[in-house]
Protein chains: 4
Amino acid sequence: MSRNPKRIPSMVKNRQLVEKRRGQMIRGACDLFVRKGFHKTTTREIARECGLSIGTMYEYIQSKEDVLYLVCDYIHSELEKRLKNALAETGTGREGLTKAIAQHFKVMEEMSDYVLLIYQETKSLPKEAMSYVLKKEEEITFLFEEILRRGIQDGTLTLTPSSVKLMAHNIMVLGQMWTFRRWALKQHYTLEEYTRRQTALLLDKCTHEEQGREVQ
Amino acid sequence: MSRNPKRIPSMVKNRQLVEKRRGQMIRGACDLFVRKGFHKTTTREIARECGLSIGTMYEYIQSKEDVLYLVCDYIHSELEKRLKNALAETGTGREGLTKAIAQHFKVMEEMSDYVLLIYQETKSLPKEAMSYVLKKEEEITFLFEEILRRGIQDGTLTLTPSSVKLMAHNIMVLGQMWTFRRWALKQHYTLEEYTRRQTALLLDKCTHEEQGREVQ
Amino acid sequence: MSRNPKRIPSMVKNRQLVEKRRGQMIRGACDLFVRKGFHKTTTREIARECGLSIGTMYEYIQSKEDVLYLVCDYIHSELEKRLKNALAETGTGREGLTKAIAQHFKVMEEMSDYVLLIYQETKSLPKEAMSYVLKKEEEITFLFEEILRRGIQDGTLTLTPSSVKLMAHNIMVLGQMWTFRRWALKQHYTLEEYTRRQTALLLDKCTHEEQGREVQ
Amino acid sequence: MSRNPKRIPSMVKNRQLVEKRRGQMIRGACDLFVRKGFHKTTTREIARECGLSIGTMYEYIQSKEDVLYLVCDYIHSELEKRLKNALAETGTGREGLTKAIAQHFKVMEEMSDYVLLIYQETKSLPKEAMSYVLKKEEEITFLFEEILRRGIQDGTLTLTPSSVKLMAHNIMVLGQMWTFRRWALKQHYTLEEYTRRQTALLLDKCTHEEQGREVQ
DNA sequence: CATGAATGAGAATTCATTCAT
DNA sequence: GATGAATGAATTCTCATTCAT
């Protein structure tokens, strides 16, 4: 779990208030960033959108980039939360993986704009913040590694250990792909179709690959 | 083929000169955009980097966004060119697909920074230019569709027609994934390993999927 | 004596409290102004440094400039106090003047930073406050005029009356000079050396200048 | 001589133009700084005053502090130039010193506001620039050291070598004092009177002090 | 009396674009 | 065709001061 989220200093002491105001900021900024992108959104717009004066806004952040970090962090947390919730209701093994993938894809559909935002603006973050965001992404990927490993353990998935990490990334990316290729994919497939087909692709592999004839 | 590349107007009439100068601009701007991103690069920097004065530069473009378009267009053309070259030496059917995928991944490795650039800055293009760039992306995807179709035709690939498009996109994305997830993947896999494993994933599907029991 | 010290209005009625709080403010602000200058010091910093909240601080002043006035006034008072204390132990005539000058220089050394502060920030005061501060400076100069006059009276100093004022200013300035030229002087002279030499300069004049051949 | 004046980078290449524009800036800024002080003068005011747009102004400087440096440097150069001009017509020895002092004081009178400006704003300069400005001040002081030394050589001044530096500083300061104590001095003395009296003070010392009975 | 969150006018600086030479 | 000085709207961020609690 993310043990050391980058702390954004605030001039305001009251923790609850900080939480509340930053919530406002995230809500307002998210929309704007999705619509116009980070660089084309001005601080004044952000302030207006979230119902704060610029002065007040700057009591809770140190720079415009902090807002981007707050937003990216929020999105990742939200993704993680939703995915975890979904996975909670999910069994294990092959069956569980199928459901997990479906849930993941569903979350991607729901948070389409936000996932896209992360893809496009993460690099605008300052070094340190970017590292943290990438770490968060990795943690989410771990969730799928776990599922895969448990499936191997209970024998319903036949995957070599060295493939686990890659397969987890594949699951992540084939989900995200639904957001950043939607301009093409939506013309030909519904989410259900897409899910069925990609699941087949991923599961086939996880079923046929046997220890003995591992792909080096 | 790109039938209607967005024409960027130039004050200068001499076609050859326009070509030459824009070549300079693309070379200079590419590096800068990769290093600093589009928004953090100034027109002055671009001009300096490509050995033109700002005045002169503006004789060949109308706005900074034109440079981004030129760069994105160049990268896509380069990608297409390299991929086509690679595919030329490639056979057909299952065999050909394997080689094509490997070539595609190799090109991704070589043009890693550029592919990333496209992923992150395409959305900064004006509407029209963006559409054109996406169309270009689609065309490249078509190349794989072609290969897949020919493989189906000659019987070495057993894929349902409705899966072709998706599989082509999958090939594209699993290649690009090597660039935008390199921070994680390179720690665990070499390009060769990565290629072998992903090819197995993709080909398995293209071999096992039979007309009769098509995934709906 | 300063008959009409500019009154700084306070919201708080309790005189003692006002005195105490303003004491805190002066102590904190002095250091900050010396280190960073008046303009580069923020009210927040002042408040923090002196252990008050900004809200509370503003109960005792009306504007940031009031703090500067308070500080300047404090420094002048302190200078005057120390000088008077020193002069109290000092005899009269030539002998007394020598000691007075030495004490003055010693005070300058001790309050070096503060004297410098006054030199540099007095002009940042609002008109009225500045006048008052300059008057204070004049009063301190008077102290030396007094000493000079008494020396003339008792015959140990032979100075024409019209030179008295100038000589008093000279004493003041040659003392302050030790603060605002310390970057050069300290490299070549110790305070003792400096005092000896400057005293010689000043006293020679006060001894040789005779009524008859007054410098017009 | 100032061998390494801090170079202020300019975006504009044409040297002559840079010289001309900076001349405008200095003229405009000087007046404003004298009237309102550095911190209370805005960049827009400076730009307006010197007939440039802010954009254009920033082509010739990097920050507002650069303007202050330009101004301080200009004032010191002007002081040095005028003093050197004056000293050129001046003889040597006791006679020369007398004239030199008079010229110095005259320059102080003429440049009263500017000298005051330097006294008050030098500390607002960034470290490096401040060092350079102080060095310039020292160089001007050297001019008087030279005169004093030549006077010692030709026997018309009887001053111990170790007093030379201090005496040079004294001359400098008693001149500058006419600017920063003018609020008091002008009420009692004309410049001529002031010059006569201070010259007497300084020259007496330079005449009476003999090698044998040097003030330690 | 004390607090500290809120405010917004105002500050410095940047940078894409133009246009006279 | 080439140049680069000029422009000023736009942007981020600061900070003295107020006022409800």
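So you know, we letter chains A, B, ... as the sequences are listed, proteins then strands, and number each from 1. Any value given below was found using the heavy atoms of this structure, including those in side chains, with hydrogens, waters and symmetry copies removed. This is a predicted model, so every value here is computed, not measured.
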Does [X] make a side-chain N or O approach to OP1 or OP2 of [N] shorter than 4.0 Å?
X: R21(B); N: dA2(F); result: yes
X: S53(D); N: dA6(F); result: no
X: Y60(A); N: dA6(E); result: yes
X: T56(C); N: dT3(E); result: yes

Contact class for [X] (heavy atom, under 4.0 Å): base, sugar-phosphate, or nothing?
X: T42(A); answer: sugar-phosphate
X: K13(B); answer: sugar-phosphate
X: T41(D); answer: sugar-phosphate
X: M11(B); answer: nothing

Between E65(C) and L52(B), which has a closest nucleotide on DNA chain F that is more 5'?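 Comparing both residues, the 5'-ward one is L52(B).
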Both K64(C) and M57(D) contact DNA chain F. Which one's nearest nucleotide lies toward the 5' end?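 Closer to the 5' end of DNA chain F: M57(D).
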Over how many whole Å does the gap from [X] atom [atom1] to [N] atom [atom2] extend?
X: Q16(D); N: dG4(F); atom1: CD; atom2: C1'; result: 16 Å
X: R48(C); N: dG4(E); atom1: CZ; atom2: C1'; result: 13 Å
X: E19(B); N: dG1(F); atom1: CD; atom2: P; result: 14 Å
X: K36(A); N: dA10(F); atom1: NZ; atom2: P; result: 12 Å
X: R44(C); N: dT3(E); atom1: CZ; atom2: P; result: 15 Å
X: Y58(D); N: dA10(F); atom1: OH; atom2: P; result: 19 Å

Taking the six-membered ring for Trp, are [X] and [Y] parallel (under 30°), tilted (30 to 60°) or perpendicular (over 60°)?
X: Y132(A); Y: Y69(A); result: tilted
X: F38(C); Y: F33(C); result: perpendicular
X: H39(D); Y: H39(C); result: parallel

Go through dT13(E), dA5(E), dC13(F) for me and flag the one nearest to the L17(A) side chain.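 Comparing dT13(E), dA5(E), dC13(F) against the side chain of L17(A), the answer is dA5(E).
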Does K40(D) NZ have over 12 foreign heavy atoms under 6.0 Å away?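 Yes, because the 6.0 Å sphere around NZ of K40(D) holds more than 12 heavy atoms from other groups.
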Distance in Å, K136(B) NZ paired with T122(B) OG1, rounded so as to fall on 0.5 Å steps: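 These two atoms lie 12.0 Å from each other.
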